[in-house]
Amino acid sequence: MKRASRPQTCDIFCNVIDNYGDIGVCWRLARQLANEHGLAVRLWVDDLGSLAKLCPGADATLQSQHRRGVEVCLWSKNFPEVQPAELVIEAFACKLPQGYIEAMAAQQQNPVWVNLEYLSAEDWVEGCHKLPSPHPSLTLTKYFFFPGFTPKTGGLLLERDLFARRDAFLSDTLQQQQAFWRSIGMAMPSAETLKISLFAYENAALESLFDAWANGTQPVLCLVPEGRILPQAGLYFDDDAPRAGGTYTRGNLQVRVLPFIEQERYDELLWACDVNFVRGEDSFVRAQWAGRPFIWQIYPQHDAVHLKKLQAFLMLYSEQLSRSASQAVEGFWQAWNPDGTTSHSTKPSNDNGQVAGYSTGSGQAWLSFVAARGELDSHAQHWARLQAENNLALNLLDFFQEIGTMRAN
Ligand code: TRH
């Protein structure tokens, strides 16, 4: 049987470990494959509650539902007997149900089975991208697929129309931007206000940064979506129960707490701000597409291995920056990602029991970062254009064809 050049069907499996990154990536990829490439996509997810945060229309009680062109299915212990899709994506090495694996092996034409890995800028990624991993007992092969920032990797998730939508938003101050600010219950800030979005994990560097903003000469509006950094932000203003809609002021700093917004609208928040603080994996990529200076709080891992990942990205990202701008970025990103080795931490540990190293340097480092904003702005736009050339969804579909051709020969 001749394989179709493009798959018609796709199953994506997502095991939600914590936070929103796993489901964030899967939900975005599922929508893109369905809506831009016409695949019939089933997204199997074991925690519908997390999906419902990103897609408020989703009903966490349903076994199966159609949302945004995707069939969303609850991945429960009793996995139903289903016909496997032609393209099977196992996200972040989650373990597929045994019955499903056997059903894949029983197909006359085996599905193309891909393990979509976490994003990293480390050198070894290029060598591991597309590597096969034969099943120990069945005639099935799984392939590693690594997102990344260089042409020899799987690239990044980017919707076809994202830049056009972003540019339309940015050039439409009267309607789209006004509508955005209204939707979060605020009037459009004055032109001299520095607008910052702050999506972050607990972070010992926050206090020093808030001090720098409060004591600075420029008014700062900081928009904080509900999430892990919120209790700390509240404490800064002596409020131990900050909530969406809350507004706090100290000196030149105004903080506004936002409700967690639908994933498709999160981009607008990034576009509406001058500088964005992001975390994890998916928001980190979205900040790059926004074409604005950003600061990444990397997801903390054991033995500080994440700091290597941070460094690898910094090296790549800073390659074309001037020395002073590159130092400003590195200095502030390091201050925002304390390595946890400093012993005088008085800050509480986070949800994972990890203690963030106490940092007093973020306020100081911010001054250099913000001084480099002009260069960082144009660099961010250039970087976004460059990265857009390597599109993950298209690469996945090409890879499907590549495997089909290889099998046919
Ligand atoms: O939530 P994250 O920290 O996710 C993760 C996970 O912890 C994962 O296990 C880990 O391995 C990975 O990081 C590296 O950050 P991330 O990836 O940015 O995901 C957040 C998602 O939430 C992203 O899709 C954007 C979305 N979002 C909204 O939809 N609305 C919002 O208001 C905000 C702030 C975010």
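This is a predicted model, so every value here is computed, not measured. One-based numbering, in listed order, for ligands and for the atoms of each.
- For Phe332 and Trp296, the distance between ring centers is not under 6.0 angstrom.
- Using modelled atom types and a 3.5 Å distance limit, the side chains of Gln301 and Asp303 yield no donor-acceptor pair.
- With Phe169 as the aromatic partner, Arg166 does not meet the cation-pi criteria of under 6.0 angstrom to the ring centre and within 45 degrees of the ring axis.
- Taking the six-membered ring wherever Trp is involved, the centroid distance between the rings of Phe260 and Tyr20 falls below 6.0 Å.
- A centroid separation of less than 6.0 Å is found between the aromatic rings of Tyr100 and Phe13.
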Tabulate distances under 3.5 Å between N/O atoms of ligand 1 and N/O atoms of the protein, writing both atom names on each line.
residue	atom	partner	partner atom	Å
ligand 1	1 (O)	Tyr20	N	2.8
ligand 1	1 (O)	Gly21	N	3.4
ligand 1	1 (O)	Arg279	NH2	3.0
ligand 1	3 (O)	Tyr201	OH	2.5
ligand 1	3 (O)	Arg279	NE	2.8
ligand 1	3 (O)	Arg279	NH2	3.4
ligand 1	4 (O)	Gly21	N	2.8
ligand 1	7 (O)	Asp18	OD1	2.8
ligand 1	7 (O)	Asn19	ND2	2.8
ligand 1	9 (O)	Asp18	OD1	2.6
ligand 1	9 (O)	Asp22	OD2	3.1
ligand 1	17 (O)	Glu281	N	2.8
ligand 1	17 (O)	Asp282	N	2.8
ligand 1	18 (O)	Arg279	O	3.1
ligand 1	18 (O)	Ser283	N	2.8
ligand 1	18 (O)	Ser283	OG	2.5
ligand 1	19 (O)	Gly21	N	3.4
ligand 1	24 (O)	Gln263	NE2	2.9
ligand 1	24 (O)	Asp282	OD2	2.5
ligand 1	29 (O)	Ile261	O	3.2
ligand 1	29 (O)	Gln263	N	3.4
ligand 1	30 (N)	Ile261	O	2.5
ligand 1	32 (O)	Ile261	N	2.8

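- Residues Val25 and Arg28 are not in side-chain contact: their nearest non-hydrogen atoms beyond the backbone lie 4.5 Å or more apart.
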